[in-house]
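The structure appears right after this line, and notes come after that.
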Amino acid sequence: MGFYQSVYEAVKRIPEGKVATYGQIAFLTGRPRAARIVGFALHVNPFPGKVPCHRVVNRDGRLASSFAFGGEEVQRAMLLKEGVRFTESGFVDMDKCGWDGNEL
DNA sequence: ATGCTGACCGAGC
DNA sequence: CGCTCGGCCAGCA
């Protein structure tokens with residue numbers, strides 16, 4: 001069991017209608033500076049239905065450059081379906097949908 | 001152990 | 001406001 005496993009556990013804690021940044025996940029795993037590892041962890045092991053990697057975005061609120069499930073458009077559709085709001089620029093509204101990481 | 005890589009983040013120009 | 005650079009940390013050859 002490596003750091004990746006901890007990442008998946010943290011991502012699964014993200015509630016619907018909310019999104020978290022890679023840095024946020026990294027913080028929950030105990031490695032606030034390991035945001036890059038978080039991204040790569042989801043990239044190499046995107047468990048469909050188990051780890052909602054579509055709820056994980058970068059600090060800009062923008063979706064990942066390479067989404068494992070198909071593409072940014074697919075990710076955006078799933079987030080909209082869950083109730084996540086988007087800005088005119090096509091970014092996630094972090095102000096309302098930004099997960100504190102400690103609400104639950 | 002060393003070096004390279006990577007879905008990042010923050011600061012600087 | 002947009003791009004570039006360095007730092008950070010885990011996994012792999």
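Throughout, a chain's letter reflects where its sequence line sits, starting with A, and its residues are numbered from 1.
In this structure, of B:dA7, B:dC9, C:dC9, it is B:dC9 that holds the atom nearest to the side chain of A:Thr21. Checking B:dC8, C:dC9, C:dG11 against the side-chain heavy atoms of A:Asn58 singles out B:dC8 as nearest. Listed nucleotides: B:dC9, C:dC9, C:dC8. Nearest to the side chain of A:Tyr22: B:dC9. For A:Arg59, whose side chain is taken as the heavy atoms from C-beta onward, the closest listed nucleotide among C:dC9, B:dG10, B:dA7 is B:dG10.
Rounded to whole Å, the P atom of B:dG12 lies 15 Å from the corresponding atom of C:dC8.
Whole-Å rounding puts the A:Phe40 CZ to C:dA10 P distance at 15 Å. In this entry the distance linking CD1 of A:Ile25 with C1' of C:dC9 reads 16 Å, nearest Å. Taking atom CE of A:Met94 as the reference point, atom P of B:dC8 lies 14 Å away to the nearest angstrom. If you take CD of A:Gln5 and P of C:dG11, they are 11 Å apart, rounded to a whole angstrom. Atom OH in A:Tyr4 sits about 11 Å away from atom P in B:dA7, given to the nearest Å. Atom CG in A:Leu63 sits about 15 Å away from atom P in B:dA7, given to the nearest Å. Distance CZ (A:Phe3) to P (B:dG6): 18 Å, rounded to an integer number of Å. Atom CD1 of A:Ile37 is separated from atom P of B:dA7 by 11 Å (rounded to the nearest Å).
Among the protein residues, A:Ala64 comes within range of the nucleic acid bases, having at least one heavy atom under 4.0 Å from a base atom.
Using bins of under 30°, 30° to 60° and over 60° for the plane-to-plane angle, the ring pair A:His43/A:Phe40 lands in the tilted bin.
Closest heavy-atom contact between A:Lys18 and A:Lys96: CE-O, 4.0 Å. Residue A:Val19 comes nearest to A:Met94 through the heavy atom pair CG2-SD, 3.7 Å, listed as atom of the first residue, atom of the second, then distance.
Contact annotation: A:Arg36 does not reach the phosphate of B:dT5 (side-chain N/O to OP1 or OP2, under 4.0 Å).
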Practice task
Take A:Trp99 and A:Thr21, measure what side-chain contact (heavy atoms from CB on, under 4.5 Å) needs, and give me the verdict at the end.
Solution key: CA-CA 8 Å; A:Trp99 184 42; A:Thr21 65; over 6 Å; no

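With salt bridges taken as basic N to acidic carboxylate O contacts below 4.0 Å, none links A:Glu73 and A:Arg76.
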